[in-house]
Amino acid sequence: MSRNFKILLLLAAIGIMLIIRRFAIGLGASTALSDGYPLGLWIALDVVVGTALACGGYAVALLVYIFNRGQYHPLVRPAILTSALGYSMAGLSVAIDLGRPWNMWKIPLYFRNWNLNSALLEVALCIMAYVCVLWIELTPAMLKPSRITRFLDRILVWIIALGMLLPTMHQSSLGSLMLLAGPKLHPLWNTPLLPLLFLITCLAMGYAMVVFESAISRRHTALLAVLQKIAVFAGIAFVALRLIDLALRSRLSIAMHLDLYGIIFWIEIVLWLMPAMIANPFRGAMCIALAGGLYRFDTFLVAFQPGPGWHYFPSVSEMFISIGLIALEIAIYIALVKRFPILGGMPAQEHSRVAQAFQPAPRHQETT
Amino acid sequence: MDIDRRSLLKTAAAAATLTIIPAAEARERRVAPSDAVGLLYDTTRCVGCKACVVACKQANEMAPDVDGYGGGLYDAPEGLNEYTKNVIALYREGEEQSFVKKQCMHCIDPACVGACMLGAMHKGAFGVVSYDAAKCVGCRYCETVCPFNVPKFEWSKKAPKIVKCELCRHRLAEGKEPACSEVCPRGAVIFGRYADLLADARERLAKNPGKYVPKIYGERELGGTQVLYLSHVPFEKLGFRFQGEEAVPHVQQSVQHGVYKGFAAPVALYALLGAVMFRNRRRGDSDE
């Protein structure tokens with residue numbers, strides 16, 4: 001075990017102990033949450049930002065299967081793994097954050113009580129389903145061929161299609177969540193376009209994360225320039241939409257008012273535009289991940305104004321649980337890519353064949 | 001062949017846009033249910049005796065809140081919280097002062113009800129915004145969206161519930177009125193049918209020109225509330241942050257219903273994704 005891996009395990013262990021403590025002493029004693037700020041770091045960072053950073057699988061799948069760019073196929077499997085881990089950790093964060101997690105099973109099963117007006121219900125159901133879809137997509141890489149894998153292989157097209165439908169739905173609905181908090185949201189962030197803006201940010205962040213990871217693992221670097229361009233373009237589209245929307249609703253003057261909110265707003269905008277001027281894809285991708293992360297975090301926490309007298313800054317426990325979960329995620333990722341054929345990619349001649357998309361990679365490296 | 005796919009995607013995008021835009025205007029303003037009841041509170045009659053606060057605690061078997069003033073000696077809530085469903089606040093600025101009663105407003109079109117996944121928060125009998133812990137997962141999204149910051153969470157408990165005024169619905173079921181209005185010695189808060197309360201409030205405004213701010217808070221605000229307020233000081237000063245008339249769920253549900261009308265768009269998108277993938281695969285096969 002390398003030293004870095006040991007540090008990851010240590011952080012994860014601290015996180016897990018604090019999670020046990022949270023259930024032992026309750027939410028009030030272990031968090032800085034309050035009736036004014038009932039949602040905090042775990043939701044804003046681990047779920048709202050975390051799942052967007054885990055949208056690499058969604059973004060690359062769109063590129064490969066819908067826009068038929070087979071050359072990106074080697075990126076699919078590592079991206080799906082990152083997504084599966086990211087979404088699983090987000091699900092775990094929700095379970096820790098919920099006050100009454102023992103009622104969680106009722107969300108999918110009490111379908112007669114479903115409130116179809118609730119964007120949160122849609123987010124919850126879609127994320128539950130998507131976590132399953134992501135792990136199913138990984139089974140060909142992780143299980144030995146059997147009757148189950150052969151069956152999954154046959155229906156894989158429809159599972160992959162589901163793997164693109166579900167993020168489209170719940171990532172936009174994450175934006176709708178704060179639309180319902182409308183009056184309490186700062187006017188620079190409160191717009192009917194929230195669902196669309198959230199969808200664009202998750203795609204940009206998804207592509208950026210694929211670039212980021214590939215650059216770190218020094219694989220498939222030749223493919224990254226185009227992904228980076230897509231992310232940069234999404235960022236510019238995001239900024240244009242946001243500014244036009246504010247202008248049309250006569251709110252640009254609020255942005256010109258350089259208080260805390262105005263300054264944060266412009267930091268977001270600059271972070272989105274900067275990657276267009278950064279040649280290094282690694283740095284550009286980091287910038288986009290940061291821009292999207294900041295926008296989503298701000299929408300849920302910074303721009304949320306419950307009224308005078310309420311303050312929130314995460315407790316040490318909250319922070320170390322978030323850090324622990326991220327460390328755990330990275331540790332599991334490292335362990336899995338060492339054990340299973342994930343990073344190697346697929347043979348070149350099978351690029352556009354969907355059904356064979358997730359066949360285990362051969363021992364030799366790709367021929368291209 | 002590329003044109004094929006592009007035109008397909010364009011058609012889908014156009015269809016999606018077309019379904020969103022008309023639906024966004026379709027959601028109608030809700031009206032109070034026919035059996036709606038509520039409260040009418042009048043700042044000019046309230047003397048701040050807090051009898052209603054005590055009565056509310058007794059009727060709802062709430063624990064005393066000793067966290068605030070008095071070092072553990074007094075049940076003195078500083079505001080609505082997990083021990084307190086009803087509270088009297090004081091606003092004072094120079095010569096001007098007013099008490100104000102705080103409890104759930106029982107919105108006609110409540111944000112909390114729109115937020116709740118399984119209907120733990122729902123509009124029950126008499127239009128009372130009611131809570132059912134059995135369907136609650138403790139996500140606190142109702143707290144996040146409430147424009148009046150009414151729902152509170154039992155932060156101190158390991159099996160926490162949401163705490164909020166339910167207009168003493170257990171007493172309503174027995175034919176009694178809420179505890180707060182029953183004990184009020186000055187008639188500052190009265191209970192009644194929503195329509196009667198509204199008529200009463202209008203009459204007081206008409207008969208006493210200059211006594212009140214010429215507005216019944218809750219008649220139109222945020223889609224209307226079943227608890228109505230008359231005040232001699234501006235409502236903003238009493239902590240009513242929002243004066244708009246649009247119900248909070250209006251925008252979100254218009255967008256949501258536009259996109260998910262009859263669940264047609266997701267099904268269409270799913271079919272489209274599958275179809276494009278099949279086509280891509282066929283082309284991939286024939287290339288070899």
Side-chain angles (χ1 to χ4, degrees), chain A residues 23-29 33-36 38-39 65-68 70 94 97-101 103-104 106-107 110 113-122 124 157-158 160-162 164-165 168-169 172-173 176-177 179-184 192 195 304 306-307 349 351-355, chain B residues 5 9 24 80-82 111 113-119 133-141 143-145 147 149 151-161 222 239 241-242 244 248-249 251-257 259-260 266 269-270 273-274 276-278 280-281 283-285 287-288:
Chain A
F23 281 104
I25 65 173
L27 275 170
L33 296 170
S34 63
D35 287 317
L39 308 180
Y65 300 120
I66 298 305
F67 296 96
N68 211 21
V94 170
D97 180 83
L98 288 182
R100 306 167 65 79
N103 275 347
M104 244 175 132
K106 292 178 179 174
I107 299 171
Y110 273 32
N113 291 309
W114 280 355
N115 172 15
L116 297 179
N117 286 328
S118 170
L120 187 62
L121 175 74
E122 195 209 317
V157 171
W158 293 105
I160 293 171
L162 207 53
M164 289 182 270
L165 175 71
T168 312
M169 288 169 68
S172 56
S173 287
S176 307
L177 284 185
L179 209 47
L180 190 58
K184 285 155 100 174
F304 179 67
Q349 66 269 25
H351 279 159
S352 55
R353 303 195 59 182
V354 172
Chain B
R5 188 170 61 238
L9 290 173
L80 296 181
N81 57 35
E82 63 180 288
V113 170
C116 190
M117 288 190 276
L118 296 177
K135 295 177 198 156
C136 174
V137 297
C139 69
R140 310 183 295 280
Y141 187 36
E143 288 192 79
T144 309
V145 300
N149 287 349
K152 303 294 174 191
F153 185 73
E154 291 181 319
W155 296 101
S156 66
K157 301 210 172 132
K158 281 165 209 167
K161 295 183 191 125
L222 301 176
R241 256 174 100 192
F242 304 112
V248 177
V251 177
Q252 179 259 329
Q253 287 187 16
S254 299
V255 172
Q256 190 95 349
H257 292 178
V259 178
Y260 290 103
L269 181 59
Y270 189 43
L273 290 169
V276 171
M277 280 168 66
F278 265 116
N280 287 346
R281 179 163 69 163
R283 207 168 54 169
D285 282 347
D287 282 352
E288 279 174 29

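Letters go in sequence order (proteins before strands), and every chain restarts at 1.
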If you count heavy-atom pairs under 4.5 Å between each of [options] and chain B, which one has the most?
options	value
A:Val94, A:Ile107, A:Leu39	A:Ile107
A:Ala24, A:Ala161, A:Pro38, A:Gly28	A:Pro38
A:Gly26, A:Ala181, A:Ala29	A:Ala181
A:Leu120, A:Leu116, A:Leu27	A:Leu120

With rounding to the nearest 0.5 Å, note down the distance linking CE in A:Met169 to OG in A:Ser176. 11.0 Å

Between NE2 on residue B:His257 and CG on residue A:Asn117, distance to nearest 0.5 Å: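 Here the rounded value is 3.5 Å.
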
Under 4.5 Å, counting heavy-atom pairs only, tell me which of [options] racks up the most with chain A.
options	result
B:Gly244, B:Gly119, B:Pro160, B:Gly274	B:Pro160
B:Pro147, B:Ala111, B:Cys136	B:Cys136
B:Ala134, B:Gly239, B:Pro249, B:Ser156	B:Ala134

Please evaluate residues B:Arg140 and A:Leu33 with respect to the criterion side chain to side chain contact (heavy atoms under 4.5 Å, CB included), reporting the C-alpha separation (whole Å), side-chain torsions for both, the decisive distance (0.1 Å), and the verdict. CA-CA 11 Å; B:Arg140 310 183 295 280; A:Leu33 296 170; 3.6 Å; yes

[X] versus chain B, the contacting section by heavy-atom distance below 4.5 Å:
X	answer
A:Thr168	side chain
A:Met104	backbone
A:Ile25	backbone
A:Pro195	side chain

Mark yes or no for whether B:Arg241, through its side chain, and A:Lys184, through its backbone, hold a donor-acceptor pair below 3.5 Å.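 Looks like no, no N/O pair under 3.5 Å.
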
Do side-chain atoms of A:Asp35 reach the backbone of B:Glu143 as a donor and acceptor pair under 3.5 angstrom? no

Could you tell me which portion of B:Phe242 (side chain, backbone, both or neither) has an atom closer than 4.5 angstrom to a non-hydrogen atom of chain A? side chain

Pick from A:Asn103, A:Asp97, A:Leu98: which one makes a side-chain contact (heavy atoms from CB on, under 4.5 Å) with A:Pro101? A:Leu98

Should the heavy atoms of other residues, nucleotides or ligands under 6.0 Å from NZ of B:Lys161 be counted, would the total exceed 12?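 No, because the 6.0 Å sphere around NZ of B:Lys161 holds 12 heavy atoms or fewer from other groups.
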
B:Asn81: partners by side-chain hydrogen bond (donor to acceptor under 3.5 Å, both in side chains), with sequence neighbours left out: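 Residues passing side-chain hydrogen bond (donor to acceptor under 3.5 Å, both in side chains) with B:Asn81: B:Asp65, B:Thr84.
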
